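Notes to accompany the following structure.
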Amino acid sequence: MQRGFETPAWWHSPAMDRLDRRTRRTREALYAALATLLRDRPLSSVTVTELTRMADVNRSTFYAHFQDVYDMFDAMRAEFRMTLANVASEQAGDLMTSGARGFLRSVYEYFRDNREVFTLVFGQGSNEAFFGDAVAVVRSCCLDAWSEQAGRGDADTGERKRILEYRIEFAARGAVGMARAWIEGGCAEDVEWMVEQTDALIAAVRDAG
């Protein structure tokens, strides 16, 4: 099999773990091949023929799992969202108590450990979808943790909620953008330094005003 990197762990979600070993290996090979092809081209130009050739998988096997390349890309994104959400949820409680550092550390370590594949999937074009998925996970965790802030007060509750939602949107996109820049730079700074910088951003946005 011709891959640009070893099969990473980021799609080893509980859903994948429930599959038999042969099916799991087939999906991993196809996902790795697609991520490699997306390095140089948009999703619209990837064909099933070149995808299966790179993954060393028969076309009939591909169609036993997916309808087409777009269907496979959607499945790949779903695995990413599920795995990242699981990683983030392990420390999400810290957002309500001790702050964002534990949460951020888990996410940054996850990206660092799989930096080779994220260098590919956090690119532009079709790959921008993964950036949006990461933002959605961080946004959801922040909304769950900080929602009580929107409920404080009486007549201004609706206003507080709107302000908090915009702040969370800004913080989530900023935090994921920092992670993407860090990955593109080869993860040159250590995780703790990135956690400190990102936590400062989130705290400033959360506590402003």
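Heads up: numbering here begins at 1 and tracks the sequence. The structure displayed is predicted, hence computed values, not measured ones. All heavy atoms count here, side chains included; hydrogens, waters and symmetry mates do not.
Atom CG of residue Asp133 and atom CE of residue Met76 lie 11.0 Å apart, to the nearest 0.5 angstrom. One finds the CD atom of Glu165 at 6.5 Å from the CG atom of Leu143 (value rounded to the nearest 0.5 Å). Remark: Met194 CE to Ile183 CD1 distance equals 9.0 Å, nearest 0.5 Å. The line from CG of Asp56 to CG of Leu30 is 10.5 Å long, rounded to the nearest 0.5 Å. A distance of 10.5 Å separates CZ of Phe103 from OH of Tyr108, quoted to the nearest 0.5 Å. One finds the CZ atom of Arg25 at 8.5 Å from the CD atom of Glu28 (value rounded to the nearest 0.5 Å).
Evaluated for a ring pair (Phe, Tyr, Trp, His ring centres under 6.0 Å) with Phe73, the options Phe130, Phe80, Tyr31 yield exactly one hit, Phe130.
Residue Ser45 comes nearest to Glu50 through the heavy atom pair O-OE2, 3.3 Å, listed as atom of the first residue, atom of the second, then distance. The shortest heavy-atom contact between Val46 and Arg41 is CG2-CD, 3.7 Å. Taking every heavy atom of both residues into account, Ala134 and Val176 meet most closely at CB-CG1, 3.8 Å.
In this structure, Arg139 and Arg173 have side chains that are in contact, with non-hydrogen atoms separated by less than 4.5 Å. For the pair Val69 and Val48, the minimum side-chain heavy-atom distance is below 4.5 Å. Within the 4.5 Å cutoff, side-chain heavy atoms of Ile202 are placed close to those of Leu104.
Although no hydrogens or angles enter the test, the distance criterion places no donor-acceptor pair under 3.5 Å between the side chain of Ser140 and the main chain of Ala136. Without hydrogens or angle criteria, Thr198 side chain to Val195 main chain gives no donor-acceptor distance under 3.5 Å. A donor-acceptor pair under 3.5 Å is formed between the side chain of Asp190 and the backbone N or O of Trp193.
Following chains of ILVMFWY side-chain contacts shorter than 4.5 Å, one cannot reach Leu201 starting from Ile163, and the two form parts of different hydrophobic clusters. Each of Tyr166 and Val138 belongs to its own hydrophobic cluster when Ile, Leu, Val, Met, Phe, Trp and Tyr are linked at side-chain heavy-atom distances under 4.5 angstrom.
The distance between the ring centers of Phe111 and Trp182 does not fall below 6.0 angstrom.
Annotation: ring-ring contact (aromatic ring centres under 6.0 Å, His included) contacts involving residues 39-71, sequence neighbours excluded, comprise Phe62-Phe66.
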- Step by step, work out the side chain to side chain contact (heavy atoms under 4.5 Å, CB included) result for Val57 and Leu51. CA-CA 8 Å; Val57 171; Leu51 182 59; over 6 Å; no
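For the side chain to side chain donor-acceptor pair (under 3.5 Å) test, residues two or more places apart in sequence or in another chain that qualify with Glu192 are Arg105.
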